[in-house]
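Written out below as structure tokens is the structure these notes cover.
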Protein chains: 2
Amino acid sequence: MYKKEVNNFYITLKNFKQHITNLNLKNTIQKDYILKVLYFSNKHLTVEEIETELLVKHNIHISTTTIYKALKLLEKLNIISSLEVLESAKCYELNSNLPHGHLICTSCHSIIEFKDTSIDNKQLEIANTHNFTLTNQVMTIYGHCQRCQN
Amino acid sequence: MYKKEVNNFYITLKNFKQHITNLNLKNTIQKDYILKVLYFSNKHLTVEEIETELLVKHNIHISTTTIYKALKLLEKLNIISSLEVLESAKCYELNSNLPHGHLICTSCHSIIEFKDTSIDNKQLEIANTHNFTLTNQVMTIYGHCQRCQN
DNA sequence: CTAGTTGCAAATGCTTTGCACAGGA
DNA sequence: TCCTGTGCAAAGCATTTGCAACTAG
């Protein structure tokens, strides 16, 4: 899978660092590692999960505050997106090139991604009809996953 | 508009009261008024707004806690739905018979509703493909409304 | 009577902010 | 050196919970 390619990560990281520099911000290990964790994750992570991953997989402690600040920056730069999971903390994921939706199981909170270009097009059309400039879209289907259908 | 019809409201209220009775719960003025405010609102309301409406339009004070509890019940009974507005309190609205999405302006936080059956069908199809039983769907398009496009 | 309900105060949990100190550029 | 970043502690804010008094059925 694309996201798991280590070489691709270094390209992403290099671009990211350049981006930070261009904005007259400072590159730090904290930002790099937070990006790294999101990059190599195959699921949507909460702040707490990011903190744990950093500790367990990379043996580095980064404060919750710093993670929040980094995520806020990454989201503003359109590098990541946040997702509201019912009744719990936000989840974060690296932006892929294509818009996509999520199926969230309200029992086990598992998240499945889906893509559908016909919906994407419809949405653009709808935004147009209402003279809206679309910046972002969230499409979430709540229900019960196969395993939770007791 | 349908929702504004007073006579229809009394039918809705009667059904609601029956529903409450059937569940061995108690009917109270608080529940009735909260339903009433949601029924006659033409926009999505936050808890704070509901509280104010109750006070201003109906001259009744209902505690924030009670409103939260009533809303939780109404949502569980599938009478209302909540909507996450970016970085602020949840908004509540009476369920209409048809699923629909929202366009939210990230500048002025105004909300426009839209309906599109082709998207609804696609969503059912997607849920099916993933062996998911759909209970609810949220579709939100974020962007800038006509007025906020400076 | 007796369970559900109300509403205050306090707790909770996620997120943000203030601030002193550390450290990139 | 300067200004951003880090991270602790504290604040903020929407929402929930504990609990005693209340009330609908």
Side-chain angles (χ1 to χ4, degrees), chain A residues 13-14 16-37 44-52 54-55 58-77 79-92 109, chain B residues 13-14 16-37 44-52 54-55 58-77 79-92 109:
Chain A
L13 183 62
K14 202 180 147 194
F16 171 65
K17 281 170 168 286
Q18 188 59 54
H19 200 162
I20 293 293
T21 305
N22 293 345
L23 292 164
N24 284 317
L25 301 176
K26 310 269 161 84
N27 283 297
T28 58
I29 331 170
Q30 284 85 348
K31 288 189 191 120
D32 295 355
Y33 271 102
I34 291 167
L35 182 67
K36 192 168 190 174
V37 163
H44 304 67
L45 300 171
T46 63
V47 169
E48 199 188 346
E49 287 167 338
I50 293 169
E51 199 169 350
T52 307
L54 286 164
L55 207 55
H58 302 286
N59 205 41
I60 180 175
H61 174 73
I62 299 178
S63 78
T64 318
T65 311
T66 301
I67 298 172
Y68 273 111
K69 284 172 183 165
L71 292 173
K72 201 154 207 186
L73 175 67
L74 287 165
E75 197 168 11
K76 201 187 297 174
L77 301 182
I79 296 171
I80 63 168
S81 290
S82 61
L83 179 67
E84 307 271 357
V85 181
L86 231 48
E87 320 282 307
S88 56
K90 272 189 193 167
C91 287
Y92 295 85
H109 286 185
Chain B
L13 183 62
K14 202 180 146 196
F16 171 65
K17 280 170 169 290
Q18 189 58 56
H19 199 161
I20 293 292
T21 305
N22 292 344
L23 292 165
N24 286 316
L25 302 177
K26 310 265 161 88
N27 282 296
T28 57
I29 331 170
Q30 285 87 347
K31 288 189 190 118
D32 295 355
Y33 272 102
I34 290 167
L35 182 67
K36 192 169 191 173
V37 162
H44 305 66
L45 299 172
T46 62
V47 169
E48 199 187 346
E49 287 168 338
I50 293 169
E51 197 168 354
T52 309
L54 286 164
L55 208 55
H58 303 286
N59 206 38
I60 180 174
H61 174 74
I62 299 179
S63 76
T64 319
T65 311
T66 302
I67 299 172
Y68 273 111
K69 284 172 184 166
L71 292 173
K72 202 154 206 183
L73 176 66
L74 287 165
E75 198 170 10
K76 203 188 295 175
L77 301 182
I79 296 171
I80 63 168
S81 290
S82 62
L83 179 67
E84 306 271 359
V85 181
L86 232 49
E87 320 282 308
S88 54
K90 271 187 190 167
C91 286
Y92 296 85
H109 286 186

Do L54(B) and N59(B) touch side chain to side chain, with heavy atoms closer than 4.5 Å?
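In short, these two side chains do not touch, never coming nearer than 4.5 Å.
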
Is there a side-chain contact between F16(B) and I79(B) (heavy atoms, below 4.5 Å)?
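With C-beta onward as the side chain, the pair touches.
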
Can you work out whether K31(A) or K72(B) has the more 5'-proximal nearest nucleotide on DNA chain D?
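Going by which nucleotide is closer to the 5' end, it is K31(A).
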
Base contacts versus sugar-phosphate-only contacts with protein, heavy atoms under 4.0 Å: please encode nucleotides 19-25 of chain C as B, S and - from 5' to 3'.
----BBS

State whether the number of non-hydrogen atoms from other residues, nucleotides or ligands found under 6.0 Å of L77(A) atom CG is greater than 12.
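Counting neighbours around CG of L77(A), more than 12 heavy atoms of other residues, nucleotides or ligands fall under 6.0 Å, so yes.
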
What do you reckon, is CG of L25(B) surrounded by more than 12 foreign heavy atoms closer than 6.0 Å?
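Enclosed: over 12 neighbouring heavy atoms sit under 6.0 Å from CG of L25(B).
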
Determine whether a donor-acceptor pair (N or O, by modelled atom type, separation under 3.5 Å) exists between the side chain of [X] and the backbone of [Y].
X	Y	value
K31(A)	K26(A)	yes
E51(B)	E48(B)	no
T66(B)	I62(B)	no

Rounded interatomic separation in angstrom, taking [atom1] from [X] and [atom2] from [N]:
X	N	atom1	atom2	answer
L54(B)	dG7(C)	CG	P	10 Å
E84(A)	dC14(C)	CD	P	13 Å
Y68(A)	dT15(C)	OH	P	3 Å

How long is the gap from [atom1] on [X] to [atom2] on [Y], to the nearest 0.5 Å?
X	Y	atom1	atom2	answer
S81(A)	L74(A)	OG	CG	10.5 Å
I20(A)	K17(A)	CD1	NZ	9.5 Å
Q30(B)	S63(B)	CD	OG	8.0 Å
I80(B)	C91(B)	CD1	SG	11.5 Å

Looking at K90(A), I'd like to know whether one of its side-chain N or O atoms comes within less than 4.0 Å of OP1 or OP2 on dC14(C).
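Checking K90(A) against dC14(C): no side-chain N or O falls below 4.0 Å of OP1 or OP2.
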
Hey, where on DNA chain D does chain B first and last touch, going 5' to 3'? Cut-off is any atom under 4.0 Å from a heavy atom.
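Span of nucleotides near chain B: dA14(D) to dG25(D).
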
Heavy atoms only, 4.0 Å cut-off, all strands: where does Q30(B) land among base, sugar-phosphate and nothing?
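Q30(B): backbone/sugar contact only, no base atoms under 4.0 Å.
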
Can you pull out the residues from residues 60-67 of chain B that lie within a 4.0 Å heavy-atom distance of DNA chain C?
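The answer is H61(B), I62(B), S63(B), T65(B), T66(B).
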
